[in-house]
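What follows is a set of notes on a single structure, which appears directly below.
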Amino acid sequence: MSSSQTRLLSPAWLARSAPEVAPDLLGCKLVRRWPDGRQIEGVIVETEAYAPGDPACHGYRRRTQRNAVMFGPPGHSYVYLIYGLYHCLNVVTDGDDRASAVLIRALALTDPPPWLTPPKNQPIHRWAAGPGKLCRLLEIDLSLNGDRLQPGQSLWLDPPDVETQQARQQGLLAITQTTRIGLTQGADIPWRWYLTDSPAVSKRQK
DNA sequence: TTCACGATTCTA
DNA sequence: AGAATCGTGAAG
């Protein structure tokens, strides 16, 4: 699903519906960079989709101050505070006025920098396993909400490495689809995807 | 203005 | 199973 018109990760590519984009983001990289040049990147191994008509979507009822960026153009971040304790990072998808986003639930860190202070008593593949832990590790909070995901800025998406791209093209990238985690509404909608073999996935299912 | 609750995580 | 912890949004 990446023609010349819709280049991988371009705004046009992200302008599709969230359930289309979510599985396609698996294998892509998320990069976090600070003004001082420090940088962390990881492979996206778990995503969930939230879209119009979906009772679990923050934009389900109406446009509010919090969910405003979901109604905006694709390619921006949607960050929100959950349980007053953690933040969650989404990639806004679909066109204007169609509140849609893909929740980034877990990363497999690639080449963690030496200055990174890891969570205690956890193997590296668990450091970013879960949306809250991911944002805590990458220091993603409301100050990044609504930012354009642009290379060289504070946060952006990069294409998968060639091996992953080839595996996907050959249909060899094992992806599991399940229902979403932690919902009371829309709990039956199977809009969660993860790389079947990744140890960095937050929770196994089925 | 009030107030119940949540796209979570960690501990007992 | 329960706590931590607070902004959001639906109701009044």
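Numbered from 1 within each chain, the chains take letters A, B, ... in sequence-line order.
- Between the C1' atom of B:dA7 and the OH atom of A:Tyr60 lies a distance of 16 Å, rounded to the nearest Å.
- The ring pair (Phe, Tyr, Trp, His ring centres under 6.0 Å) analysis of residues 125-180 of chain A, with sequence neighbours excluded, yields no pairs.
- Taking the side chain to side chain donor-acceptor pair (under 3.5 Å) definition, one finds that A:Thr164 meets it with A:Asp161, sequence neighbours left out.
- Between A:Val102 and A:Asn90 there is no side-chain heavy-atom pair separated by less than 4.5 Å.
- Pairs of residues two or more places apart, or lying in two chains, that qualify as ring pair (Phe, Tyr, Trp, His ring centres under 6.0 Å) and include a residue from residues 83-115 of chain A are A:Trp34-A:Trp115.
- Legend: salt bridge (charged side-chain N to carboxylate O under 4.0 Å, His left out) pairs involving residues 54-72 of chain A, not counting sequence neighbours, sorted by first then second residue: A:Asp54-A:Arg180.
- Its side chain outside the 4.5 Å cluster rule for every partner, A:Ile181 clusters with none of the Ile, Leu, Val, Met, Phe, Trp and Tyr residues.
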If you apply the rule side chain to side chain contact (heavy atoms under 4.5 Å, CB included), what do you find for A:Ile44 with A:Leu157, and how did you get there? CA-CA 10 Å; A:Ile44 297 172; A:Leu157 299 167; 3.9 Å; yes

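- Helical stems of DNA chain C (runs of at least 3 Watson-Crick or G-U pairs, donor-acceptor distances under 3.5 Å) are listed by first residue: B:1-6 with C:6-11, B:8-11 with C:1-4.
- Side-chain heavy-atom separations under 4.5 angstrom define the hydrophobic clusters, and the remaining members of the one that includes A:Leu183 are A:Tyr50, A:Leu103.
- Under the stacking definition used here (centres under 5.5 Å, planes under 30°), the residue A:Tyr50 qualifies as stacked on the base of B:dA7.
- Residues passing the side chain to side chain contact (heavy atoms under 4.5 Å, CB included) test with A:Gln166, sequence neighbours excluded: none.
- Put simply, the side chain of A:Val92 does not reach to within 4.5 Å of the side chain of A:Pro73, judged on heavy atoms.
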Table of protein N/O atoms under 3.5 Å from nucleotides 10-12 of chain B N/O atoms:
| unit_1 | atom_1 | unit_2 | atom_2 | d |
| --- | --- | --- | --- | --- |
| B:dC10 | OP1 | A:Arg136 | NH2 | 3.0 |

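- Comparing the C1' positions of C:dG2 and B:dC5 gives a spacing of 16 Å, expressed to the nearest Å.
- Whole-Å rounding puts the A:Asn145 CG to B:dA7 C1' distance at 15 Å.
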Would you check, one step at a time, whether the test side chain to side chain contact (heavy atoms under 4.5 Å, CB included) holds for A:Val79 with A:Ile140? CA-CA 8 Å; A:Val79 182; A:Ile140 294 170; 4.0 Å; yes

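- Between A:Ser202 and B:dT8 there is no side-chain polar atom (N or O) within less than 4.0 angstrom of OP1 or OP2.
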Kindly indicate, with the supporting measurements, whether the criterion side chain to side chain contact (heavy atoms under 4.5 Å, CB included) is fulfilled by A:Val21 and A:Thr47. CA-CA 9 Å; A:Val21 174; A:Thr47 58; over 6 Å; no

Report all interatomic pairs (protein N or O, nucleotide N or O of nucleotides 1-5 of chain B) with separations under 3.5 Å.
none

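- At the heavy-atom level, A:Ile181 lies under 4.0 Å from the strands shown only through sugar-phosphate atoms.
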What does the B/S/- profile of nucleotides 5-12 of chain C look like, 5' to 3', with a 4.0 Å heavy-atom cutoff to protein? BBSSSS--

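- Side-chain contact check for A:Asp147 versus A:His76: every heavy-atom pair is 4.5 Å or farther apart.
- Residue pairs meeting the side-chain hydrogen bond (donor to acceptor under 3.5 Å, both in side chains) criterion with at least one partner in residues 95-109 of chain A, sequence neighbours excluded, are A:Glu46-A:Arg105, A:Asp94-A:Arg98, A:Arg105-A:Ser202.
- The interatomic distance linking A:Lys203 (NZ) with B:dT9 (C1') rounds to 8 Å, in whole Å.
- In this entry the distance linking CD of A:Gln185 with C1' of B:dG6 reads 10 Å, nearest Å.
- Atom CD1 of A:Ile189 and atom C1' of B:dA7 are 12 Å apart (whole Å).
- Between the OH atom of A:Tyr78 and the P atom of B:dA7 there is a distance of 9 Å, rounded to whole Å.
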